[in-house]
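Below, read A as the first sequence line, B as the second, and so on, with proteins coming before strands; counting in each chain starts at 1. Quick caveat, the model's predicted, so the values are computed rather than measured.
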Amino acid sequence: MKVASWNVNSVAARRDRLLAWLGKQQPDVLCLQELKAVDEAFPREAIEALGYQCAVHGQRTYNGVAVLAKSAIEDVRRNLDDGEPESDARLLSVRIGELRVICCYVPNGQTLASDKFSYKLRWLDRLHAYLQRHHDPSEPLLLCGDFNIAPEDRDCYDPEGLRDDVLMHESVRKKWRTLLSFGLVDSYRLHVSEPGKYSWWDYRMLGFPKGRGLRIDFVLATQTLAARCSSAAIDRDERKGKQPSDHAPVLASFELGPR
DNA sequence: ATGGTTGCTTAGCAA
């Protein structure tokens, strides 16, 4: 089973690239973030024509997440479901056979002093509580998405210079460690240990050509799945060429034969 | 050199 996560930065702007990538990579499951489109504007028919089912949680202008799958999607749940007022479409949870897939778009945080940053920290607390409330670490569960966190120095092109960046700050990394303490493993680091592997490069300041990236997109797996993870990759080539997203897709494959 | 890009929505915000 091939799983991928990709922040497309507008599903309308990335429509042709998305369809071409699906046709080429043929993932069994794809989590999308930053649709920047309402449900009605999602290119459902074109994606279904490629053999996928779609669960979409859209929003006008900002945010928006979706899960695509080659087999049946069931029990679709939206948002963090904790009674707090939520205007952002940032979380979508689905069941695909025995597997639970949660697609998330963690708030960026903008600047350390902003209200958006305290919202980010609180949102990560709420996500951890959501996992504890609805799930058990013994389940086959994947948490995929744009976490807007570079967990370690090897995930950043300039760890010293960006120590106080909202993607790097120790307060955010602490939330990351708490989140993974639920019982989640970063599938990419099961297979690749070297630094300099990134999933996002800023459009500004020639970020991609200069290699100024961070690894902030992940396929996280509970131990039962992590034990069956046979490969992981970042499709850096997808960041190249005309009108790319600022994020590259991240991939992980799992051997889920009869047990 | 304190900028720079992209996308959505139309001048300002978010990333």
Side-chain angles (χ1 to χ4, degrees), chain A residues 5-21 31-43 46 56-66 79 85-92 103-124 127 144-151 155-169 171-173 175-176 198-218 234-250:
Chain A
S5 181
W6 190 11
N7 178 324
V8 289
N9 185 20
S10 165
V11 74
R14 226 61 62 205
R15 181 195 155 101
D16 291 350
R17 270 193 178 252
L18 171 60
L19 294 173
W21 192 83
C31 295
L32 298 172
Q33 302 86 37
E34 275 210 89
L35 304 179
K36 297 185 173 181
V38 294
D39 292 9
E40 295 71 28
F42 188 82
V56 182
H57 182 26
Q59 182 183 333
R60 176 187 137 102
T61 310
Y62 303 117
N63 311 312
V65 286
N79 292 341
E86 185 63 87
S87 57
D88 292 0
R90 294 186 177 275
L91 186 130
L92 183 61
C103 174
C104 69
Y105 175 45
V106 174
N108 170 286
Q110 199 165 61
T111 60
L112 288 186
S114 69
D115 290 346
K116 291 188 171 66
F117 190 71
S118 44
Y119 173 64
K120 176 182 193 172
L121 296 178
R122 196 169 68 254
W123 203 91
L124 287 163
L127 178 58
C144 309
D146 174 359
F147 289 75
N148 273 311
I149 301 170
D155 301 315
C156 176
Y157 72 97
D158 181 13
E160 297 309 325
L162 296 182
R163 198 60 71 198
D164 289 331
D165 191 276
V166 291
L167 307 178
M168 288 279 290
H169 194 260
S171 60
V172 159
R173 289 179 163 184
K175 299 295 185 191
W176 169 265
Y198 310 132
S199 67
W200 170 81
W201 299 259
D202 203 318
Y203 283 130
R204 298 166 287 186
M205 301 192 302
L206 301 172
F208 186 67
K210 292 188 175 178
R212 297 176 176 175
L214 286 83
R215 196 173 68 93
I216 60 176
D217 301 88
F218 304 93
I234 300 172
D235 188 1
R236 189 177 174 279
D237 286 346
E238 188 56 40
R239 183 62 173 78
K240 300 175 181 173
K242 263 182 79 94
Q243 294 183 304
S245 169
D246 44 355
H247 295 252
V250 301

Counting any heavy atom closer than 4.0 Å, what does A:Phe208 reach on the DNA or RNA strands: base, sugar-phosphate only, or nothing?
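If one applies the 4.0 Å heavy-atom cut-off, A:Phe208 turns out to touch nothing in the nucleic acid.
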Look at all strands and tell whether A:Arg212 reaches a base, only sugar-phosphate, or nothing, counting heavy atoms closer than 4.0 Å.
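Here A:Arg212 touches no strand at all.
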Specify the separation, in whole Å, of atom [atom1] of [X] and atom [atom2] of [N].
X: A:Asn7; N: B:dA14; atom1: CG; atom2: C1'; result: 12 Å
X: A:Asp115; N: B:dA15; atom1: CG; atom2: C1'; result: 17 Å
X: A:Lys36; N: B:dC8; atom1: NZ; atom2: P; result: 6 Å
X: A:Asp88; N: B:dC13; atom1: CG; atom2: C1'; result: 14 Å
X: A:Asn108; N: B:dT6; atom1: CG; atom2: P; result: 18 Å
X: A:Phe117; N: B:dA15; atom1: CZ; atom2: P; result: 13 Å
X: A:Met205; N: B:dA15; atom1: CE; atom2: P; result: 17 Å
X: A:Met168; N: B:dA15; atom1: CE; atom2: C1'; result: 18 Å

Side chains of A:Asn108 and A:Lys120: donor-acceptor distance under 3.5 Å anywhere?
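Absent: no donor and acceptor within the cut-off.
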Can a side-chain donor-acceptor contact be found between A:His169 and A:Ser171 if the only test is distance below 3.5 angstrom?
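On atom types as modelled, these side chains qualify, holding a pair under 3.5 Å.
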Do [X] and [Y] have side chains that approach each other closer than 4.5 Å (heavy atoms only, starting at C-beta)?
X: A:Arg17; Y: A:Glu238; answer: yes
X: A:Asp246; Y: A:Arg239; answer: yes
X: A:Tyr157; Y: A:Leu214; answer: yes

Gap separating the SG atom of A:Cys31 from the CG atom of A:Leu92, nearest 0.5 angstrom:
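Between A:Cys31 SG and A:Leu92 CG, I get 8.0 Å after rounding to 0.5 Å.
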[N] and [M]: how far apart are their [atom1] atoms, nearest whole angstrom?
N: B:dG3; M: B:dC8; atom1: C1'; result: 23 Å
N: B:dA15; M: B:dT9; atom1: P; result: 15 Å
N: B:dT2; M: B:dA11; atom1: P; result: 27 Å
N: B:dA14; M: B:dT10; atom1: C1'; result: 15 Å

Given [options], which nucleotide is nearest the side-chain atoms of [X]?
X: A:Ala12; options: B:dC8, B:dG4, B:dA15; result: B:dC8
X: A:Tyr62; options: B:dT9, B:dC13, B:dC8; result: B:dC13
X: A:Tyr203; options: B:dA15, B:dT6, B:dC8; result: B:dT6
X: A:Arg90; options: B:dA14, B:dC8, B:dA15; result: B:dA15
X: A:Arg204; options: B:dC13, B:dC8, B:dA15; result: B:dA15

Return the 5'-most residue of the pair A:Leu206, A:Thr61 with respect to DNA chain B, ranking by each residue's nearest nucleotide.
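Its nearest nucleotide being more 5', the pick is A:Leu206.
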side-chain N/O A:Arg14 vs B:dT6 OP1/OP2, d < 4.0 Å
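No, outside the criterion.
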